[in-house]
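Below, chain A is the first sequence line, B the second, and so on; all start at residue 1.
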Amino acid sequence: MGIFTKLRGMRDILPEEIDIWKKVEQTFIEISELFDFREIRVPILESKYLFEKGIGRDTDIVTKEMYEFKDKKGRDVVLRPEGTASVVRAYIENKIYEKRKIARFYYLGPMFRYDRPQKGRYRQFYQFGIECFGGKSFYFDGEAIQILNITLEKLSIGNFVFLVNSLGCKNCKFKYTEYIKGYLKKIVDKLCNDCKLRVKVNPLRVFDCKNYSCHQSIENIPSIFDFLCDECKEHFDLLANFLKKNNINFKIEHKLVRGLDYYTKTVFEVFCKNQDIAIAGGGRYDYLVKEMGGPDIPAVGFAVGLDRVVALLNQEKRQKDESIYFILLGEQAKIKGFDIMRELIENKIKVEADYEERSISEHLRIANKYGKKLCLILGENEIKKGVVVIKNMETGIQEEIKEKEIVKKLRERLK
RNA sequence: GUGAGUGUAGCUCAGCGGAUAGAGCACUGGACUGUGGCUCCAGGUGUCGGGGGUUCAAAUCCCCUCACUCACCCCA
C-alpha cells in the first residue's frame, strides 16, 4: 500500500464495475425520459441554509451528517446531502412554473453524508432521482412509483416490495403528530433512551424503533389513518387502487415515516428483502416549493441509491473481455500494426495491443489470462506473406488471412 | 456520535509468548528460442496496519492510534 488511501466512506469504482453502473444509470434515464422527464444538472456545492430550510433544521441529516465548511468569503457551504432541495431551488430560481404547468426533472450524481460507513452506505454515494412539479392528482404519485417499478423490473432486481403510507396534509400531519406526542408522553418510562429523545424531536420516528419493548409499548397506538381528512384519505385510497390495478407489489405500512420533514401525504420506500435494505425512497411534498419562497405548487419525487442497486446486480455476473488482442512481433510489425489498428477502430472493432518486446508465448499467456476470444498475430513471416493470423483462443484454430479481409473476417469470427 | 469484530505475501487465510514467519491460489524463470491453457522443477513472495509498553524473548500479552467490516442512530 502506498502512502495515500482514500478517505473514509469514499470509494473507487473500477473499470470492471463500470459496465454495470452504466447499465443501471442508462436504464433509469431511459425509462424516465420515456415519461418525458428531462435531465437537470444542479451544483454539488450549495448554501447550508438551503438544506436547513428544505430538509428541516432538526433532522439528523442537517444536524450531524452534512459536510459543511466556510468558503474563502466565510459563507456557509455544504456538499449536497440529497437532490430534492437543490432541484426545488433551481425550479424556483429559474421560474420554471411560468413556463410549464407540469415540470418533470431527473437528476443523477454524487451526494455526501458524514455518516459512519457500513453495508450499502458510503459518505459519497450516488443517487438517481426524479421530481415532478405542479400535479396534485394521485396519478402523479402513481407515475413516480410506476417508473421505479418498471426500471427495477427491467434491471431484473428481484424480491422487492413498495412500502406505502400517507402522512396526510399539513393539518392531518400536525394533528396526528401532536396526538402521538401526547400518547408517548404518558408511556415515556417504558421507552428506550433513543425513543425518549424522539418524542421531543420527531415523535413519529418511534415507530421505526427496533427495540422490542418499545415495539410492544406502541403496539396499540392509533394509526395515522384515523386522523386523515376526507381528501387525504381519498388520495391514498385512489393511489392504492392504482397500484393494485398496475400489478405493483406493494404493502401498506402505517408505520412508515421518513426522516425528511418536507413529506406530506404519500410516502414510499422500495425495500429489498435479499439485502434487507431500502434501495429507494420518495413521496409527495406539497408545501416545499412555497416554503422555499416559490408559489404554492405541489410536487412528488423519489431518489434511488445507485450504489445499492449496483450491489444487488453485482452479485450476479461479470462480463468477458470482448476486445481483440493484437500480438506484434518485432519493430516492423509494430509499424504495420498501427495501420491495421487504424482500420479496425474506424470499423468500431475494439483492439488491445501491448507494445513491449515479448515472446509469442508470453503474449498468448497474457491474452489467455485476460479472457480474450481472439488474437491477431503479426510478425516477420506474416509481413513477408502480406497476411495476418487470426487465432481463436477457445478452439486454438488459426487461419492466415489477407490484409484486405481483416475487418470482414474479424466480424465473422466475433459473432 | 455509540457498540462489536478484524488488520500477517498481490489474493484467501493459518500461526496466538520461543529459533531464519507458513499453506493454497496468483506471480517470475526454466523444461518448451514464432504458439496460450495441462504437467513438472526452481524461486522474490513480508515495514506481521502504525506507535509505545511488559518480557531474556512479542505477529502473539497490555495501552494508544489508524484503517476496514458489521450493527445502532439515521438514511439511498
Is there any protein nitrogen or oxygen under 3.5 Å from a nitrogen or oxygen in nucleotides 37-41 of chain B, and what are the pairs?
residue, atom, partner, partner atom, Å
B/rG37, O4', A/N368, ND2, 3.2
B/rG37, N2, A/M393, O, 3.2

Exercise. Hey, which sits more toward the 5' end of RNA chain B by its nearest nucleotide, A/N381 or A/Y114?
Key: A/Y114
Practice problem: Starting from the 5' end of RNA chain B, give me the residue, A/T59 or A/L7, whose nearest nucleotide shows up first. | Solution: A/L7
Got a list of protein N/O to nucleotides 8-10 of chain B N/O distances below 3.5 Å?
none

In whole Å, measure the gap between the [atom1] atoms of [N] and [M] for me.
N      : M      : atom1 : answer
B/rC48 : B/rG5  : P     : 24 Å
B/rA9  : B/rA4  : P     : 27 Å
B/rG52 : B/rC68 : P     : 23 Å
B/rA19 : B/rC66 : C1'   : 32 Å
B/rG17 : B/rC73 : P     : 38 Å
B/rU65 : B/rG10 : C1'   : 27 Å
B/rG22 : B/rG43 : P     : 13 Å
B/rG50 : B/rA21 : P     : 16 Å

Quiz item: Is there a donor-acceptor pair under 3.5 Å between the side chain of A/R411 and the backbone N or O of A/N347?
Solution: yes
Quiz item: Would you say A/N368's side chain and A/L364's backbone share a donor-acceptor pair under 3.5 angstrom?
Solution: no
Practice problem: Test A/E400 against every option in A/K384, A/K391, A/K385 by the salt bridge (Lys or Arg N to Asp or Glu O under 4.0 Å) rule and name the one that passes. | Solution: A/K385
Practice problem: Starting at the 5' end of RNA chain B, write a dot or bracket for each base, bracketing those in Watson-Crick or G-U wobble pairs whose two distances are under 3.5 Å and using | for partners on another strand. | Solution: ((((((((.[[[[.)..(...]]]]((((((.......))))).)...[[[[[..)....]]]]])))))))....
Exercise. May I ask you to evaluate whether A/Q118 reaches the phosphate of B/rU69, defined as a side-chain N or O under 4.0 Å from OP1 or OP2?
Key: no
Quiz item: OP1 or OP2 of B/rC73 less than 4.0 angstrom from a side-chain nitrogen or oxygen of A/R116, does that happen here?
Solution: no
Looking across every strand, which nucleic acid part, if any, lies under 4.0 Å from [X] by heavy atom: base, sugar-phosphate, or nothing?
X      : value
A/E82  : nothing
A/K119 : sugar-phosphate
A/L306 : nothing
A/D307 : nothing

Self-check item: Axial cation check for A/F236 ring with A/K265, 6.0 Å and 45° limits
Solution: no
Quiz item: Should the pair A/R123 and A/Y114 be classed as cation-pi, given the thresholds of under 6.0 Å to the six-membered ring centre and 45° from the axis?
Solution: yes
Quiz item: Considering only heavy atoms from C-beta outward, does the side chain of A/Q398 approach that of A/I390 to under 4.5 Å?
Solution: no
Quiz item: Taking all atoms of both residues into account, what is the closest heavy-atom pair of A/I297 and A/G134, and its distance?
Solution: CG2-N, 3.5 Å
Self-check item: side-chain hydrogen bond (donor to acceptor under 3.5 Å, both in side chains) evaluation trace for A/Y355 with A/E357
Solution: CA-CA 6 Å; A/Y355 309 112; A/E357 267 312 314; over 6 Å; no
